[in-house]
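Only heavy atoms go into these numbers, but all of them, side chains included; no hydrogens, no water, no symmetry mates. Lettering of chains follows the sequences in order, A, B, ..., and the numbering in each one begins at 1.
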Amino acid sequence: MTIRMTRRAALLGGAGLAAGTLAAPAVAQPSPIRLGGLTTLEGPFATGGQDAYRCVQMELERINHTIGGRRIEFIRESSNAQADVALARARKLIEQDNVDIILGPLSGAEGIALRDYSRTLTGKTIVNGSSGASDTTLRNPSPNFFRFSTDGTQWMAGLGRHVFQQMGIREVAVTAGDYAFPYAQVFGFNLEFCRLGGRVQHYWAPLGTTDFTSQIAQINRSNAGAVVVVHGGTDGLAFMTQYAQAGGSKPLIGGSIMADQTMLSARGPHRRVMNGMISGGPIADVIDDPTWREFVERYRRRWLNEGGFQSPSIHAVNYATNLHGILHALGAVNGDLSNNQAAFQRALAAAEITAPTGAAVKLDHNRQAISDIFLNKIEERQGTAQVVAFGRTQGVNQTLGMPEAQFLQLGAPSRDNAGCVAA
Amino acid sequence: MDLAATILLNGLTLAALYFIVASGFSLIFGLMRVVNMAHGAMYLIAGYVGYAVFEPLYDRDVWYAWYVGLAAGVAFAAVFGALVQTLLLGWMQGQELRQALVTIGLSIIVADQLLATYGGTPRQFFAPDAIFGSTQVPGVGGYPTFRLVQIGVAVAVGLGLWLLLNRTKLGIMIRAGVDDRQMLGACGVNVPLVGVAVFALGAALAGLGGVIGATAQPLAQGADGRFLLISLVVVIVGGMGSVTGTALGAVLVGVAEQIGQAMFPTYSVILTFLIMVTVLALRPQGILGRA
C-alpha cells in the first residue's frame, strides 16, 4: 500500500515536472490554426453530417492535427439544414470561437447563406463542406468562399443522356425537394434529357415532407417511363418506403444523395425498390481506383466499429475533399495566415488536389471545383446494397461544358426554371 | 377519379394518425385544463423507446417484434405521463401558464436527451407482414394495408374513449371533474388520482401515435414539434376537450394537407392554417367546442 502510494506520488511528481519543462517551449510555438466545422447533426441530414465529421476527424488524425508546423484545432458546430440556423452557427464560430477558417456547410440553401456571409468577413475564409447549390459559386460568387466539391448540377452529368439513349425512356416524372440543391440537380438532369427531346413532369415537395402518398399516387398513374427521385435524408427514406408500399414498379433514377450509404444502410422495404437504381454523383461505393480503395480501407478500419458505414457517404467524401484543399493550401504557405489570409487564399485558388475518389480537382475562376463525375448503379454485392460506378466523365465543369455566358442565360435553377429546354 | 379517391383516402389515413395523437392532448386539456406542451415529446419518447425494444427482436425475426415494441412504447409513455403529473404538474394545479412553461421546458430536455442517447439517424418500424403489404380497395386499387390499419386503430381509440367517458365509473368521474372539481372532491372522489390516470391515458395515446406514426413515416428529431403543432391545430379547429371535435378537426387537417400536396405542394401548409384562422374567426371555441 505504502509502496503504491509512493509510486503514484512519484509518477505525479514526474508528470508535473515533465509538464513544467514541456510548457516552456510550447509558449514559443506558433499559435494553433482554428478550423471551425459546420455540418448538420440535427434535422433531415443528421446521418450525413455525423459521417462528415467522421472523415474530417480521420483526415486530421492522419496528419496528427499539424500542418506547416502549426497545430490545427478543430471546433465542431451543428445546424439543421436550414439557412438561418447555419448562418447563426457560422457567426458563433467566427465571433465567439474566433476561428480562422470554416469548413461547411452541408446543405444547399445553407451554402448560399454562408457565401453571402463570407463576403462580409475580412481575413477569414469559408471552404464549402458538402452543399451543392450551383448558384453558391456560379452567380455572384464571394472572393473568400471556396468549393473543392462539385455542385448538384455537375453531379448529374451524363445521367440525362444515359436515361434517354441507353434506357430509351422518353418521359420521366421528377420528384424533388423544393429548395436550392434539388433545383441544381433537376436542372443538370433536364439540361441533357430535354435537349435530346425528353419530356418531364415535375413534382415538388418542401424539405421535411414525410408523407408522399398523394404524390406517389399521381406518379404511378402518369405515363412516365421512370421516376427521377431527387430527395435526400429522411425525406428520401420516406419517399422510397412509401413508393415500395404503394407497389411502385417504374424504374428509378436517383439524385446523388439518394444513392448513398446514408440511405442504403437504413433498414426497410426501400432497399428492394432501390436495387438497380441508376444515379450520378461525385462518388460511388465501388470505384475502380487505388486512391479510393485505400481511403475506404482507412475509413473502415477507423469507423466500422464505431458506428460508421460500410463505405463513406457522399457528404463525408465532400467534406474530406474540401479539407484536402484547405490542408494543401496551408501546407503551401507553411501555415501562414497573416495579411488577412491573402497568401493562403491565393494558394487555395491555385490548389490542384486529388479527391479521396482519385479524381483530380482544380478550381475555376469562381473558386468552384472542376472534377470527375461517376455514373452509378445500385447492386446487391455480398448481401449488402452497394453503389457501383460504371461510367466516369472527367473534368466536368460547372456549366457541363456549355460556354458560361450561354449557361448563365438559362437563368438560375429554380422551381419555375428547371432547365428543361429543347435544343 | 380514382386519383381523387386515393388522395381522399390518404387524407383520411393521415387524419387517423393525427386523431390518435391529438385525442390524448384533448383529453388532458379537457379534464386538467393543462395545455401539455410536452405532448410531442411523449410521441417522440415512445417512438424511440419502442424502437429500442423492437429492433433486437426484429433482428431475431420473431413475428411479435412490432407488437412488443408498440406495447413497450405505449407503456413507457403512460408511466412517463403519470410521473410528469405526479412530480411536476400536480402541485401547480390551476396555474395554467406555469404548467405550460414547465411542459415546454420538459419537452426541450426530453428532445435533447433523446438526441444524445439515440443520435440523429432516422428510424422506422416495420410492421408485421400481415399488415404491411397492400390491399385492393374498390375505386382506388392497391393501397398500403398499414394505412388502413391506422384508420382501424383510430376508430378503436375513438370508440374506446367514448365508451370510457360515457359508460364507465372513471368516465363519470372525469366528466364530473370537467364541470366541477371541488364538488367531485366533496363527493369523496380522489381527484388527484383521477388526474394521474387521465394524464397517463393521454400520454399513452401520444405513445400509441408515436409507434404507429414511426411505422408509417420515419421517426427523427423534430417530429415532436411537428406533432405538437398538429395536435394544437386539430384541437383548436375541432374544439378543446371534445372527442368528436378532435376527430372532425383531424379529418379536416389531414385531408387539407393531402389535397394541398397534390394541388399546390409548396404552399400546402398554408391550407392548414387557413382552416385554423377561419375557425378562430367564426367560432373561437372550435367547431364542436363548448363556449
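Of the two parts of B/Ala223, neither the backbone nor the side chain holds a non-hydrogen atom closer than 4.5 Å to a non-hydrogen atom of chain A. Proximity to chain A is limited to the side chain of B/Arg147, based on heavy atoms less than 4.5 angstrom apart. At a 4.5 Å heavy-atom cutoff, A/Thr40 makes no contact with chain B through either its backbone or its side chain. The contact between B/Ala220 and chain A is made entirely by side chain atoms (from C-beta outward), counting heavy-atom distances below 4.5 Å. In this structure, chain A has heavy atoms under 4.5 Å from both the backbone and the side chain of B/Ile7. With a 4.5 angstrom heavy-atom cutoff, A/Thr241 touches chain B only via side-chain atoms. For B/Phe264, no part lies near chain A; criterion is any non-hydrogen pair under 4.5 Å.
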Would you check, one step at a time, whether the test side chain to side chain donor-acceptor pair (under 3.5 Å) holds for A/Ser214 with B/Gln258? CA-CA 6 Å; A/Ser214 289; B/Gln258 290 296 317; 2.5 Å; yes

Derivation and outcome, side-chain contact (heavy atoms from CB on, under 4.5 Å), residues A/Asp235 and B/Gln217: CA-CA 9 Å; A/Asp235 297 21; B/Gln217 38 185 257; over 6 Å; no

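For a heavy-atom cut-off of 4.5 Å, chain B lies close to A/Ala46, A/Thr47, A/Gln50 in residues 46-56 of chain A. Within residues 244-253 of chain A, the residues having any heavy atom under 4.5 Å from a heavy atom of chain B are, by residue number, A/Gln245, A/Ala246. Within residues 12-22 of chain B, the residues that have a heavy atom under 4.5 Å from a heavy atom of chain A are B/Leu14, listed by number. Annotation: residues 175-184 of chain A contacts chain B through A/Asp178 [non-hydrogen atoms, separation under 4.5 Å].
The shortest distance between side-chain heavy atoms of A/Gln218 and B/Thr6 does not fall below 4.5 Å. Side-chain contact check for A/Thr234 versus B/Gln221: every heavy-atom pair is 4.5 Å or farther apart.
The most heavy-atom pairs under 4.5 Å with chain A, out of B/Asn10, B/Ile259, B/Thr145, come from B/Asn10.
Minimum heavy-atom separation, B/Tyr267 to A/Arg415: OH-NH1, 3.5 Å.
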